[in-house]
Every structure is written in structure tokens, then in C-alpha cells.
Amino acid sequence: MSQNVLKRTTFLVPDAKQSARFFESVFGWTVWYDNTLAVDERFPPSGAPDQAQAHLVIMDTADNTLGKLGLLQYVDPPFDTGQLLKRTKVRCGESILVVNTPEVDEIYQRALSAGANVITEPVNWTVPAPNGTDTITLRTVSLFTPDGIYMEISSHI
């Protein structure tokens, strides 16, 4: 058994259930965990008081070996959770959620219908291969979810 395996990536969101519905409708992922819990003030260091109430939804993705996706909502958030839909740029320190799928164009359409802010419609582009001499051609769409999570959805073509 391998050590240091990625368990989960969790995003702070204004509404965990609404965010989960986005991932269900766009990617077909399912809810694995859905509970309200008391959050330790140290994990994550958000400024919320110790034992603040939060709602945590954890999504099961298509590949359980790569971990799960968490969506954490503070009941009384210690920060602004204003409208995030019109974000167009990422900031230093932010995560980029990258999904590999053969359904880039279909997911693009479902994401539009689910309220995503599409930054780049599906395009083909190339990147250097790991060996440094060959190239990999990708088909990619980039977007922000309604909660402001930046995503790149790609397929090797």
C-alpha cells in the first residue's frame, strides 16, 4: 500500500448542497458524505470560532483511487461569500481542479446549463510530453463553477 496518497481536495463554498448539485449534473459524481459538523478552529484556519458549524458534502468521483472532492460550507461564514459567478481570473495560491474526460464537449454544454462561467470554450492545444521532445494534444475547456472554483476539463486527443 502506498503512503502519502491524496485523500481529498476540499473547497470552501457558500452552499455545499448547491455546489454538489453542480458536480452531479455536470460530471455525474455522487454524494458520498453529507453532514453538519463542528469545525476545529485550526483546520482550516478560516477565522471561524472553534466548533463553528459547517456543512460538508464529499463527492465520489469516477476514480476513487485519486481521492474525493469535498465542499465545505460554514453555517455562519467568517468571510464574504458574495457572488462568485463572474470571476475571470485565478489568484496565486488557488487550486485548479483538473478533470480528465473523453466528454469535453458534452461537459461544456452541461456546465453552461448549470450556470458555469466559461472562460475558454473547448479548444485543441499542445503541451510538451514528459520526455521533453514529443507533444501531447489536448482538448480543453476552462471555467469557473457558480461557486468560483476554477476548473480545466481536458481530454488527450
Side-chain angles (χ1 to χ4, degrees), residues 1-34 43-47 54-74 77 79-157:
M1 183 168 151
S2 178
Q3 294 182 347
N4 305 319
V5 174
L6 178 65
K7 176 180 174 180
R8 175 180 75 240
T9 298
T10 298
F11 291 92
L12 296 175
V13 295
D15 186 326
K17 280 201 181 290
Q18 181 179 8
S19 192
R21 283 192 295 274
F22 176 86
F23 289 101
E24 286 174 319
S25 68
V26 174
F27 296 100
W29 297 346
T30 58
V31 173
W32 177 79
Y33 180 93
D34 184 349
F43 314 110
S46 67
H55 183 195
L56 177 61
V57 176
I58 300 174
M59 306 296 297
D60 230 346
T61 65
D63 186 345
N64 291 333
T65 61
L66 296 177
K68 297 185 180 347
L69 177 70
L71 306 162
L72 181 66
Q73 167 197 351
Y74 281 91
F79 38 73
D80 180 21
T81 61
Q83 181 56 269
L84 300 170
L85 180 59
K86 295 303 175 190
R87 289 191 57 204
T88 60
K89 302 236 184 295
V90 294
R91 296 180 297 252
C92 191
E94 283 188 77
S95 296
I96 298 173
L97 187 58
V98 180
V99 175
N100 183 51
T101 178
E103 302 178 338
V104 171
D105 293 284
E106 295 86 348
I107 285 177
Y108 161 69
Q109 291 298 326
R110 291 194 301 262
L112 275 177
S113 296
N117 183 27
V118 174
I119 303 304
T120 304
E121 294 180 356
V123 296
N124 296 344
W125 62 299
T126 59
V127 296
N131 66 14
T133 55
D134 296 322
T135 59
I136 298 170
T137 302
L138 300 168
R139 182 153 183 82
T140 303
V141 60
S142 72
L143 57 87
F144 284 93
T145 69
D147 289 322
I149 299 168
Y150 178 68
M151 297 188 69
E152 293 176 2
I153 299 107
S154 295
S155 177
H156 289 234
I157 57 173

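When a residue number appears, it is its place in the shown sequence, counting from 1.
Shortest non-hydrogen contact noted between K89 and R87 is O-NH2, 3.1 Å. When all heavy atoms of V57 and K17 are compared, the closest pair comes out as CG2-N, 4.5 Å. In this structure, F22 and A111 approach most closely via the heavy-atom pair CE1-O, 4.2 Å. Considering every non-hydrogen atom in both V31 and A20, the closest pair reads CG2-CB, 4.4 Å. The heavy-atom pair separating S19 from V13 by the smallest distance is OG-CG1, 3.9 Å. Closest approach of S155 and P102 over heavy atoms only: OG-CA, 3.8 Å.
How far CH2 of W125 is from OG1 of T137: 10.5 Å, rounded to the nearest 0.5 Å. Considering OG1 of T88 and CG of L143, their distance stands at 13.0 Å, rounded to 0.5 Å. Atom CE of M151 sits about 3.5 Å away from atom CZ of F27, to the nearest 0.5 Å. Separating the CG atom in L71 from the CG atom in L56 is a distance of 8.0 Å, to the nearest 0.5 Å. From T9, atom OG1 reaches atom NZ of K68 across 12.5 Å, with rounding to the nearest 0.5 Å. In this structure, Q18 CD and T145 OG1 are separated by 9.5 Å, a value rounded to the nearest 0.5 Å.
For residues 24-33, no pair satisfies side-chain hydrogen bond (donor to acceptor under 3.5 Å, both in side chains), with sequence neighbours left out. Here salt bridge (charged side-chain N to carboxylate O under 4.0 Å, His left out) pairs that include residues 125-144, with residues two or more places apart or in two chains, are D105-R139.
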Given the rule in the side chain to side chain contact (heavy atoms under 4.5 Å, CB included) test, do Y108 and V118 qualify, once you have shown the distances and angles that lead to the verdict?
CA-CA 8 Å; Y108 161 69; V118 174; 3.9 Å; yes

Given L69 and L97, is the side chain to side chain contact (heavy atoms under 4.5 Å, CB included) satisfied, shown in steps?
CA-CA 10 Å; L69 177 70; L97 187 58; 4.1 Å; yes

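In this structure the side chain of P130 reaches within 4.5 angstrom of the side chain of I136, judged on heavy atoms. Annotation: side chain of P44 is not in contact with side chain of T10 (no heavy-atom distance under 4.5 Å).
A distance-only check finds a donor-acceptor pair linking the side chain of S113 to the backbone of Q109 [under 3.5 Å]. T120 places no side-chain N or O within 3.5 Å of a backbone atom of S142 that could act as its donor or acceptor partner. Of the possible donor and acceptor atoms, none in the side chain of D147 sits under 3.5 Å from a partner among the backbone N and O of I149.
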